[in-house]
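Here the structure comes first, spelled out in structure tokens, and everything after it is commentary.
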There are 2 protein chains.
Amino acid sequence: MARPRTTPRTVEHPDLSEVTLQQVLEALADPVRRMVVSQLARAGGDKGCGSFDTPVSDSTLTHHFNVLREAGVIRQHYRGTTKLNSLRADELEARFPGLLDAVVTAAEAEA
Amino acid sequence: MARPRTTPRTVEHPDLSEVTLQQVLEALADPVRRMVVSQLARAGGDKGCGSFDTPVSDSTLTHHFNVLREAGVIRQHYRGTTKLNSLRADELEARFPGLLDAVVTAAEAEA
DNA sequence: CGGAAGGTTCGATGGCGGTCGTACCATGAA
DNA sequence: TTCATGGTACGACCGCCATCGAACCTTCCG
């Protein structure tokens, strides 16, 4: 948006100390976003943007990734034309102990 | 609503097995509802409807209580003209281990 | 240098949910 | 029985957010 033409694509990630419980809960309260988090948790490491199984369009998925990133839940970086995603599990655990685990576990159990 | 005139006021509570993670997360994602839950957690036991410190009107608060009850987060029962509320902490812990604790703890830490 | 693949941005839209005020109901006390 | 209290039901409003399609931008590969 504010990026001038032809600049390497970078992504802004908040420090977890700036992230509120409200943001994280809102992020995790959406079913599609929880699918993303679940699949990311199952994958363990990085996972390409296009490799997620969701019922929404690409542009909507981009939106969800943004919400998750701004909530400090995921980390994103480019490699070539592909955007890789990973969970910020450890940092999140330090900030909100038990929260991500509980949600991921519950999501797994329900599915 | 469907209750005929002059019937003792009772409240419907879902079995926690019928409650979804979605419901619980949506319930806990609202700031006002989280205030209610926090104050309930701090109180330990029952707490009258009118004794909560929130920034919303009575009718809105009633709405939030309904959401929390339908999500299996709180239990309500009448005593005289007063409605008492309590957390369904143990049941919730059995259904979604660690979830309520994590949220309550985080909410306390942030406040 | 094309062109294709992978994502993003933009604008529009639709629906849901939080909010309120008012009217109403049940209970207990005077 | 009448009144006051505590809470609910209802209807309306408003703002936000998930969603989409289309246009666009980057990067890689022929």
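Since this is a predicted model, take the numbers as computed values, not measurements. Below, read A as the first sequence line, B as the second, and so on, with proteins coming before strands; counting in each chain starts at 1. In what follows, every heavy atom counts, from backbone to side chain, and hydrogens, waters and symmetry copies are set aside.
Nucleic acid contact class of A:Thr82 (heavy atoms, under 4.0 Å, all strands): sugar-phosphate only. When heavy atoms are screened at a 4.0 angstrom cut-off, A:Val32 is found touching the sugar-phosphate backbone but no base atom.
To the nearest angstrom, C1' of C:dT19 lies 14 Å from CG of B:Asn66. For the pair B:Gln22 CD and D:dA18 P, the computed distance is 11 Å after rounding to whole Å. Rounded to a whole Å, the CZ atom of A:Phe52 is 14 Å from the C1' atom of C:dG6. If you measure from atom CG of A:Leu28 to atom C1' of D:dA18, you get 16 Å, rounded to the nearest angstrom. When the P atom of C:dC20 is taken as reference, atom CG of B:Asp58 falls 10 Å away, rounded to whole Å. Rounded to a whole Å, the CD atom of A:Glu26 is 13 Å from the C1' atom of C:dG18. One interatomic measurement links the two molecules: CG of A:Leu25 to P of D:dC17, which rounds to 15 Å at whole-angstrom precision. Going from atom CE of B:Met35 over to atom P of C:dG18 covers 13 Å, rounded to whole Å.
In terms of phosphate contacts, B:His64 brings no side-chain nitrogen or oxygen within less than 4.0 Å of OP1 or OP2 of C:dG17. Contact between the side-chain N/O atoms of A:Lys83 and the OP1/OP2 oxygens of C:dT8 is found at a separation under 4.0 Å. Checking the phosphate oxygens (OP1, OP2) of D:dC25, no side-chain nitrogen or oxygen of A:Tyr78 falls inside 4.0 Å. Remark: B:Ser57 is in phosphate contact with C:dC20, judged by side-chain N or O atoms under 4.0 Å from OP1 or OP2. Close to D:dG21, at under 4.0 Å from its OP1 or OP2, lies no side-chain N or O of A:Ser59. Contact check, B:Arg33 against C:dG18: a side-chain N or O comes under 4.0 Å of OP1 or OP2.
When the side chains of ILVMFWY residues are joined at heavy-atom separations under 4.5 Å, either directly or via intervening members, A:Phe96 and B:Met35 end up in two distinct hydrophobic clusters. Hydrophobic clustering keeps B:Phe52 apart from B:Leu84 (ILVMFWY residues linked when any side-chain heavy atoms are closer than 4.5 Å, directly or through intermediates).
The 5' end of DNA chain D is approached more closely, in terms of each residue's nearest nucleotide, by A:Val56 than by the other of A:Val56 and A:Arg79.
Nearest heavy-atom pair, A:Leu25 versus B:Leu28, reported as atom, atom and distance to 0.1 Å: CD1-O, 3.4 Å.
The pair A:Arg42-A:Glu108 meets the salt-bridge criterion, since a charged nitrogen lies less than 4.0 angstrom from a carboxylate oxygen.
A distance of 9.5 Å separates NE2 of B:His63 from CG of B:Leu68, quoted to the nearest 0.5 Å.
No hydrogens or angles were tested; on distance alone, nothing pairs the side chain of B:Thr62 with the base of D:dG7 as donor and acceptor under 3.5 Å.
Of the candidates D:dG6, C:dC20, D:dT27, the closest approach to any side-chain atom of B:Thr60 belongs to C:dC20.
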